[in-house]
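Order of the sequence lines sets the chain letters (A, B, ...), proteins ahead of strands, with each chain counted from 1. This structure is a prediction, so every number in the text was calculated from the model and none was measured.
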Protein chains: 2
Amino acid sequence: MNASANLDAVFAALADPTRRAILSRLAEGQASVNEIAAPFEISQPAVSRHLKVLERAGLIERGVDEQRRPARLKAENMAAAVDWLAEFRAFWGASFDQLDDVLAQMKQAEAKDAGHD
Amino acid sequence: MNASANLDAVFAALADPTRRAILSRLAEGQASVNEIAAPFEISQPAVSRHLKVLERAGLIERGVDEQRRPARLKAENMAAAVDWLAEFRAFWGASFDQLDDVLAQMKQAEAKDAGHD
DNA sequence: TTTATATATAACTATTATGTTATGGAACAT
DNA sequence: ATGTTCCATAACATAATAGTTATATATAAA
């Protein structure tokens with residue numbers, strides 16, 4: 001609901017390398033918990049909890065497939081994060097005039113939940 | 001040094017609303033610790049520690065001005081964060097074909113430290 | 001030299017995060 | 001019915017985070 005609290009959750013979720021790796025994995029397609037956990041050395045419950053963090057941040061969605069609870073990417077909140085970071089594009093050292101256009105499109109496309117911090 | 005560890009620090013730093021507000025403040029120009037602390041209800045030591053977190057994440061630099069240690073924005077690592085997030089632009093729901101061009105420019109502009117993740 | 005200002009650090013507390021192992025429960029297979 | 005697979009949750013240990021107050025340090029001013 002609160003945009004700032006949402007950004008808290010999104011950035012906090014992205015701060016963990018395991019969770020970023022999970023998101024990269026999900027960019028290739030949805031996957032079950034065991035499929036997601038396979039490449040990591042941590043336990044399955046630990047992965048389940050990472051998935052819960054990602055879900056609370058709105059970065060993934062869960063589904064139902066027999067016993068499985070596949071996770072799939074839901075990247076809109078990444079756009080919100082980029083949107084916040086875009087405030088600082090003038091400080092990135094390069095010329096990002098075009099980015100303004102892109103962000104304008106983004107705001108239009110996201111006209112669903114407008115307000116942002 | 002390590003790009004992934006760097007992203008850990010950057011995203012973790014961005015996960016706190018006080019720190020995001022500090023960065024927004026610094027986008028208007030460098031400021032001393034007391035100037036930065038003024039709008040907040042937390043103590044000065046707390047602000048000093050937030051600044052240390054931002055500095056370790058490479059998001060600010062400190063200067064010297066008599067007794068003051070002014071902080072100023074250093075946004076390159078924000079670009080690194082956006083760069084990572086850009087992997088997922090295809091999932092943002094809109095068409096961001098132009099973003100590819102922007103990112104290409106970004107990579108060129110950042111030809112200083114190339115490797116990411 | 002003493003005092004004031006600006007900031008950092010130390011010591012402490014409370015909360016949150018991340019991992020573990022053990023176990024529970026749902027859905028499927030036999 | 002029983003076992004197997006898949007996942008979640010409970011209970012716990014440890015570490016990191018974020019805040020506090022008290023104090024130290026550096027520079028400037030009187």
Side-chain angles (χ1 to χ4, degrees), chain A residues 2 4-23 25-26 29-74 77, chain B residues 2 4-26 29-74:
Chain A
N2 179 339
S4 184
N6 214 29
L7 282 178
D8 286 8
V10 170
F11 283 126
L14 294 174
D16 185 277
T18 299
R19 286 193 292 262
R20 287 199 306 278
I22 289 172
L23 291 172
R25 164 64 184 83
L26 293 179
Q30 71 168 34
S32 71
V33 174
N34 278 341
E35 287 169 345
I36 293 167
F40 300 105
E41 291 190 340
I42 62 178
S43 64
Q44 169 266 311
V47 171
S48 281
R49 289 174 47 158
H50 279 304
L51 292 174
K52 183 145 289 193
V53 171
L54 290 168
E55 191 179 11
R56 275 193 307 242
L59 292 171
I60 65 169
E61 285 175 334
R62 309 301 301 272
V64 173
D65 171 28
E66 303 196 335
Q67 306 120 312
R68 268 145 258 127
R69 297 291 177 270
R72 57 177 166 277
L73 203 56
K74 188 186 155 205
N77 280 355
Chain B
N2 179 341
S4 183
N6 214 29
L7 282 179
D8 285 9
V10 169
F11 283 126
L14 294 174
D16 185 278
T18 299
R19 285 194 291 264
R20 287 199 306 277
I22 290 173
L23 291 172
S24 291
R25 164 65 185 82
L26 293 179
Q30 70 168 35
S32 71
V33 173
N34 279 340
E35 287 169 345
I36 293 168
F40 299 106
E41 292 189 341
I42 61 178
S43 64
Q44 169 265 312
V47 172
S48 280
R49 288 175 45 162
H50 279 305
L51 291 174
K52 183 144 290 192
V53 171
L54 290 168
E55 193 179 8
R56 274 194 305 243
L59 293 171
I60 65 169
E61 284 174 333
R62 309 302 299 272
V64 173
D65 170 27
E66 304 197 333
Q67 305 119 313
R68 267 146 259 126
R69 298 291 178 269
R72 57 178 166 279
L73 203 58
K74 189 185 154 207

I want to confirm an ordering. Mapping B:Ala31 and A:Val53 to their closest nucleotides on DNA chain C, which one lands closer to the 5' end? B:Ala31
Nucleotide by nucleotide, 5' to 3', does protein get under 4.0 Å of the base (B), only the sugar-phosphate (S), or neither (-) in nucleotides 19-30 of chain C, counting heavy atoms? BBBB----BS--
Sidechain-backbone polar pair: A:Asn77 side chain, A:Asn6 backbone, donor-acceptor under 3.5 Å: no
How many Å lie between CD on B:Gln30 and P on C:dT7, as a whole number? 11 Å
Just the rounded figure in Å: distance from P of C:dA8 to CG of B:Leu51. 7 Å
Rounded to the nearest 0.5 Å, the CD1 atom of B:Ile22 sits from the NE2 atom of B:His50 at a distance of 6.0 Å
Does A:Arg20 reach the main-chain N or O of A:Leu14 with its side chain, forming a donor-acceptor pair under 3.5 Å? yes
Phosphate oxygens OP1/OP2 of D:dC7: is one of them under 4.0 Å from a side-chain N or O of A:Lys52? no
Going from NZ on A:Lys74 to CD on A:Glu61, what distance comes out if it is rounded to the nearest 0.5 angstrom? 5.0 Å
Donor-acceptor under 3.5 Å (A:Arg19 side chain, A:Ala12 main chain): yes
Between atom CZ in A:Arg62 and atom C1' in D:dT9, what is the gap in whole Å? 14 Å
Rounded distance [0.5 Å steps], NZ in B:Lys52 versus CD1 in B:Ile60: 10.0 Å
Taking only N and O in the side chain of A:Asn34, is any of them less than 4.0 Å away from OP1 or OP2 of D:dT5? no
Are OP1 or OP2 of C:dA8 and a side-chain N or O of B:Ser48 less than 4.0 angstrom apart? yes
Quickly work out the A:Ile36 CD1 to D:dC6 P distance and round it to whole Å. 13 Å
